[in-house]
Participant: 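Structure incoming, see below.
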Number of protein chains: 2
Amino acid sequence: MTPYELDEIDHQLLRLLQADGRRTFSEMAPEVGLSVAAVKRRIDRMRQAGVITGFTVKIDHAKLGWGIEAFTELRYAGTTSVRDILSSTTRTPEVQAVFTIAGDLDALVHMRVRDINHLQEVIDRLRGTGKVIGTRTLMVLGSWSRED
Amino acid sequence: MTPYELDEIDHQLLRLLQADGRRTFSEMAPEVGLSVAAVKRRIDRMRQAGVITGFTVKIDHAKLGWGIEAFTELRYAGTTSVRDILSSTTRTPEVQAVFTIAGDLDALVHMRVRDINHLQEVIDRLRGTGKVIGTRTLMVLGSWSRED
DNA sequence: TTTGAAAGCACCGGAGT
DNA sequence: ACTCCGGTGCTTTCAAA
């Protein structure tokens, strides 16, 4: 699959939208030196091409009382399919993301919990579902994210 | 810090904005059964309280030719401060996110690269900077993310 | 692929229930 | 708290280059 080619102005628009996804076309137009209609057209085009898959809101989960973040590495029995892994992990509401992994372990799960007891409980829940044969949990102390 | 309390309508609004961060107030108003002004006030309030930290665009990096995603666990020499870890990792452009971690390892780095050679090169770069004394890389085969 | 303008909406403040 | 309303500004489409 040949990558979709962006010129410098497309990159500028993506950067502007990453910093503020609700920025208006009329606000961006003078910043990139094009008319409002041209900006709209470019963004529609990137949406159409699937480069832009959508827009979303950024939420501070700690402010809502979900202050603890952790990654858990899961190892499964040899007979477990990716579909089984996904169906057992993704139905746990504390799980934010699941990455299936090449190599000796099988999945890396990103989760958010309220406190340590809650973390313990979620890990137990994950160990109980399906054919988990081993876990290792990394508690996040701090995080940095590229302009998100 | 006591968590900010959301009622059912606030949760609905957050869900709507997670699915489409550019949804208009007038579109959301009838869906939650309030007036446009009331919706705006609630969202302004959540912004003010820091629950909503912003809005952003979702990008399909694979479509742009950055098709490979990986996590690298980094172990540092005992004298390394968190500031040193962040300054050495975050200036690598392929690094998307850095999590500092409790326990025997020190950081988990999320990165995006174009291909395997590129991955190799970035890992070497990370091993070269600062006081890295060990790495372990998990290549992502697939991923799932809660409504993103 | 761009600009420019017109019509339709959305936003946002204030006053009132 | 919410609703109604009016002024302002943004979005969207289309003709034209």
Side-chain angles (χ1 to χ4, degrees), chain A residues 1-67 114 147-148, chain B residues 1-67 114 147-148:
Chain A
M1 182 172 94
T2 161
Y4 186 90
E5 290 296 335
L6 303 182
D7 64 14
E8 188 45 46
I9 291 181
D10 290 327
H11 275 115
Q12 276 184 60
L13 292 173
L14 287 183
R15 274 195 298 273
L16 290 171
L17 286 174
Q18 265 179 348
D20 178 6
R22 284 183 82 100
R23 205 180 296 256
T24 63
F25 299 151
S26 18
E27 202 178 349
M28 292 186 279
E31 306 199 53
V32 301
L34 289 180
S35 73
V36 173
V39 168
K40 176 184 183 337
R41 191 180 143 64
R42 280 169 178 265
I43 288 171
D44 285 346
R45 195 149 158 277
M46 289 192 279
R47 256 183 160 288
Q48 191 60 35
V51 170
I52 291 177
T53 61
F55 295 87
T56 194
V57 62
K58 293 183 284 187
I59 295 174
D60 183 345
H61 294 87
K63 285 237 165 47
L64 297 175
W66 294 65
R114 279 186 295 270
E147 73 185 54
D148 261 359
Chain B
M1 183 173 91
T2 164
Y4 187 90
E5 289 296 335
L6 303 182
D7 65 13
E8 188 43 47
I9 291 182
D10 290 327
H11 275 115
Q12 275 184 60
L13 292 173
L14 286 183
R15 275 196 297 274
L16 290 171
L17 286 174
Q18 265 178 350
D20 178 6
R22 284 185 81 103
R23 203 181 299 257
T24 62
F25 298 154
S26 17
E27 202 176 350
M28 292 185 278
E31 305 199 56
V32 300
L34 288 181
S35 72
V36 174
V39 168
K40 176 187 180 336
R41 259 198 317 276
R42 280 170 178 266
I43 288 170
D44 285 347
R45 198 155 148 270
M46 288 192 279
R47 258 181 160 288
Q48 191 61 34
V51 170
I52 291 176
T53 60
F55 295 88
T56 194
V57 61
K58 293 183 284 186
I59 295 174
D60 184 344
H61 294 88
K63 284 235 164 53
L64 297 176
W66 294 65
R114 280 186 294 269
E147 73 184 53
D148 265 356

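Note that the structure is a prediction, hence the values are computed from the model and not measured. Naming: A, B, ... by sequence-line order, numbering from 1 per chain.
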Participant: Using atom CZ of A:F55 as one end and atom C1' of D:dT11 as the other, report the distance to the nearest whole Å.
Facilitator: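 Rounding to the nearest Å, CZ of A:F55 and C1' of D:dT11 are 14 Å apart.
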Participant: Would a distance-only check, ignoring hydrogens and angles, find a side-chain to backbone donor-acceptor pair under 3.5 Å from B:R23 to B:L16?
Facilitator: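 Indeed, once roles are kept as given, a pair shorter than 3.5 Å links the two residues.
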Participant: Quick one: which of A:T56, A:I52, A:L17 gives a side chain to side chain contact (heavy atoms under 4.5 Å, CB included) with B:K58?
Facilitator: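 So, applying the side chain to side chain contact (heavy atoms under 4.5 Å, CB included) to B:K58 and each of A:T56, A:I52, A:L17, only A:T56 qualifies.
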Participant: Could you pull out all residues at least two apart from B:R41 that satisfy side chain to side chain contact (heavy atoms under 4.5 Å, CB included)?
Facilitator: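 Only B:A37, B:A38 meet the side chain to side chain contact (heavy atoms under 4.5 Å, CB included) criterion with B:R41.
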Participant: Write down the distance between CD1 (B:I9) and C1' (D:dC2), rounded to a whole number of angstrom.
Facilitator: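 Atom-to-atom, B:I9 to D:dC2, this comes out as 11 Å.
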Participant: Mark yes when over 12 heavy atoms from residues, nucleotides or ligands other than A:E8 sit less than 6.0 Å from its CD; otherwise mark no.
Facilitator: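 More than 12 within 6.0 Å, yes.
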Participant: Residues of residues 38-47 of chain B with any non-hydrogen atom less than 4.0 angstrom from an atom of DNA chain C: list those, numerically ordered, please.
Facilitator: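 Heavy-atom contacts with DNA chain C come from B:K40.
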Participant: According to a strict under-4.0 Å criterion, is B:S26 in side-chain N/O contact with OP1 or OP2 of C:dC11?
Facilitator: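 For C:dC11, OP1 or OP2 has a side-chain N or O of B:S26 closer than 4.0 Å.
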Participant: Just one of A:Q48, A:K40, A:R47 clears the side chain to side chain donor-acceptor pair (under 3.5 Å) bar with A:D44, so which one?
Facilitator: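 Result: among A:Q48, A:K40, A:R47, A:K40 is the only option passing the side chain to side chain donor-acceptor pair (under 3.5 Å) with A:D44.
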Participant: What closest approach, in Å, do A:F25 and A:V36 show between heavy atoms, and which atom pair accounts for it?
Facilitator: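 Minimum heavy-atom separation between A:F25 and A:V36: CB-CG1, 3.9 Å.
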Participant: Side chain of A:F25 only, heavy atoms from C-beta on: which candidate in D:dT12, D:dT3, C:dC11 is closest?
Facilitator: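 Looking only at heavy atoms from C-beta outward on A:F25, the closest nucleotide is D:dT12.
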Participant: Can you tell me the distance, in whole Å, between the CD atom of B:E27 and the C1' atom of C:dC9?
Facilitator: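 About 12 Å, once rounded to whole Å.
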Participant: A side-chain contact here means heavy atoms from C-beta on lying under 4.5 Å apart; do B:I59 and A:Q18 qualify?
Facilitator: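 In short, these two side chains touch, coming nearer than 4.5 Å.
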Participant: Enumerate the residues from residues 28-36 of chain A whose closest heavy atom to DNA chain C is under 4.0 Å, giving them by residue number; use none for an empty result.
Facilitator: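 Contacting residues: A:L34, A:S35.
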Participant: Do the non-hydrogen side-chain atoms of A:R42 and A:D7 ever get within less than 4.5 Å of each other?
Facilitator: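 A:R42 vs A:D7: side chains touch.
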Participant: If you assign A:A37 and A:R22 each to the DNA chain C nucleotide with the nearest heavy atom, which residue ends up on the more 5' nucleotide?
Facilitator: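 Final value for this comparison: A:A37.
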